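Data first, discussion second: the structure below is written as structure tokens.
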Number of protein chains: 2
Amino acid sequence: MSALQAFEEKKRFVHLKELLRSANHIQKIKKGTFLFQEGMVANELYLILSGKIQTGKICQDGKEMCFRICSAGEIIGELTLFTSEPKYLLTAKVIEDGEVAVIKKDYLEEQLLLNPTLTFEYMQWLSNYARRTQTKFHDLILRGKKGALYSTLIRMCNSYGVRLKNGSILIDLPLKNQDLANFCGTTRESVNRMLNSLKQKGVISIAKGKITIHDLDYLKKEVQCENCPVEICRIE
Amino acid sequence: MSALQAFEEKKRFVHLKELLRSANHIQKIKKGTFLFQEGMVANELYLILSGKIQTGKICQDGKEMCFRICSAGEIIGELTLFTSEPKYLLTAKVIEDGEVAVIKKDYLEEQLLLNPTLTFEYMQWLSNYARRTQTKFHDLILRGKKGALYSTLIRMCNSYGVRLKNGSILIDLPLKNQDLANFCGTTRESVNRMLNSLKQKGVISIAKGKITIHDLDYLKKEVQCENCPVEICRIE
DNA sequence: ACGGAGATGTGACGGATCTCACACTTTACA
DNA sequence: TGTAAAGTGTGAGATCCGTCACATCTCCGT
């Protein structure tokens, strides 16, 4: 599945990404730094060329909620376009070195209004984004923490899964227990216990910090997955 | 606050709403019926002229998650525009008789691409929608069920609050415990207990099925509210 | 190869929340 | 205005989940 899907995904929003790529300048990003932080005035968007970025919300009490993990080809800094109060709602942390194409918000808005093809693609992108967030919403709230974790794992498969020869799916992304906890709104310890219980059942295994899913159907059944389209059921 | 805000809100997206209002036809909606249901092919959008509509997700096991309660001036059926798989993700239940203006998705998409003013307004609307969903997200997940309820109440104030002479805020919407539970992803009983505890503390009172907030600051403090803009911190 | 930092694994306990059961109150409307 | 239906209030017990504490493991740099 994954290869074809990735290919299809790459072909989407080509004009939009072309515009972004042709942008004012390229910026190197370094692991551990922030591309932007919550509350900052937002006047730029980014297209990831390489590396990985995690967006999320960091609370005063140290809690952290993770929204997306994005890699090459993804657009970041969205949602600020055309808004009256252009401040980033989230923080974007670099988790793998790389480069982003930087584009000024004003310029992009201008281009979008001039070019219907771009308009179309951007709206498509934004609608998809909103639909993704909305489905995540009930996944995370409706079936307790276990449901939250399972559905996060399913999304990870759709976004970063690599099908192995034996049919299992490797989530090709180094994920710590704490990271998953931040995605699910739970704690490291709870994630650890749940993952171990999945290991014992033979549903998953973990090697070198990466999770392999052996029995995706088990997870799907547990969360009463409705097999919504893959462009919606993903993590980024 | 509320009066002015409502006024400001009314002035937003005027061209977009004008287009919707000039639509193909007007449809009467009757309490208890569904405007559309999850999974249906989506080829229409609606502008509410009067009455109230609740959108949400209904699960097989009877659980229900409520997303928005919308009244006159709100747009419903969104998020299907420009998507490749145009199916409604949510169900829209009429909770108060009224009328909606119906507009064909195809026609609206066409108009949007022709008219930059419309494009601009729609994007603005969609961005706001996405931002609203995103902030709700962590409000509901990060601070337990109590946090979920409190933040729902705060949003209700911003959307349906009427400031009374004594400074309290009446949420001018008949809300059952079960409704609030569906917004928060919790149970009727839990909501009931939490509301009663708030009553005892004098933070709220309830009369004729409507909640009045006496001490909004108490709620805000409890959820570490960051006073995000009102167009984002709302229920619809 | 070693030491230490960071990550994982796990028990014990407590509080939050759900579930079930049922009494009571309010509302709708015949 | 009486009566059923719908909604609310509340206890008890079970379960989920977070917190704390600490042991163990893994990986990385020197």
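All chains are named by letter (A, B, ...) in the order of the sequence lines, taking the proteins before the strands, and each is independently numbered beginning at 1. All figures in this text were calculated on a predicted structure; none of them were measured in a lab.
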>> If you only use heavy atoms from C-beta on, which nucleotide in dT8(C), dC17(D), dA21(D) is closest to the side chain of T186(A)?
In response: dC17(D)
> In whole angstrom, what separates E222(B)'s CD from dA16(C)'s P?
Replying inline: 12 Å
>> What is the distance, to the nearest angstrom, from the NZ atom on K146(B) to the P atom on dC17(D)?
In response: 18 Å
> Of E189(B) and G185(A), whose nearest nucleotide on DNA chain D comes first from the 5' end?
Replying inline: E189(B)
>> Restricting to non-hydrogen atoms, name the atom on R143(B) and the atom on C59(A) that form the minimum distance, rounded to 0.1 Å.
In response: NH2-SG, 3.7 Å
>> Between the base of dG18(D) and the side chain of R193(A), is there a donor and acceptor pair under 3.5 angstrom?
In response: no
> Rounding to a whole Å, what distance do you find between R188(B):CZ and dC20(C):P?
Replying inline: 13 Å
> Does NZ belonging to K146(B) count more than 12 external heavy atoms closer than 6.0 Å?
Replying inline: no
> Does a side-chain N or O from N177(A) land closer than 4.0 Å to OP1 or OP2 of dG9(C), or not?
Replying inline: yes
> Is any side-chain nitrogen or oxygen of N196(B) closer than 4.0 Å to OP1 or OP2 of dT8(D)?
Replying inline: no
> Taking CG from D97(B) and P from dA28(C), how many angstroms apart are they, rounded to a whole number?
Replying inline: 14 Å
>> What's N192(B) touching, base or sugar-phosphate or nothing? Going by heavy atoms closer than 4.0 Å.
In response: base
>> What is the separation between atom CD1 on I206(B) and atom P on dT26(C), rounded to the nearest whole Å?
In response: 13 Å
> To the nearest Å, how far apart are L195(B) CG and dT25(C) P?
Replying inline: 19 Å
> How long is the line joining NZ of K176(A) and C1' of dT8(C), in whole Å?
Replying inline: 12 Å
> Pick one: which of K52(B), K30(B), K31(B) meets salt bridge (Lys or Arg N to Asp or Glu O under 4.0 Å) with D97(B)?
Replying inline: K30(B)
> Phosphate oxygens OP1/OP2 of dG18(D): is one of them under 4.0 Å from a side-chain N or O of S190(A)?
Replying inline: yes
> When you check the phosphate oxygens OP1 and OP2 of dA16(C), does a side-chain N or O of K145(B) lie under 4.0 Å from one of them?
Replying inline: no
> Should the heavy atoms of other residues, nucleotides or ligands under 6.0 Å from NZ of K63(B) be counted, would the total exceed 12?
Replying inline: yes
> Whole-Å distance between dC27(D) P and K208(A) NZ?
Replying inline: 9 Å
> For the ring pair F137(B) and F67(A), is the centre-to-centre distance below 6.0 Å?
Replying inline: yes
> How would you label the contact of K199(A) with the nucleic acid (heavy atoms, under 4.0 Å): base, sugar-phosphate, or nothing?
Replying inline: sugar-phosphate
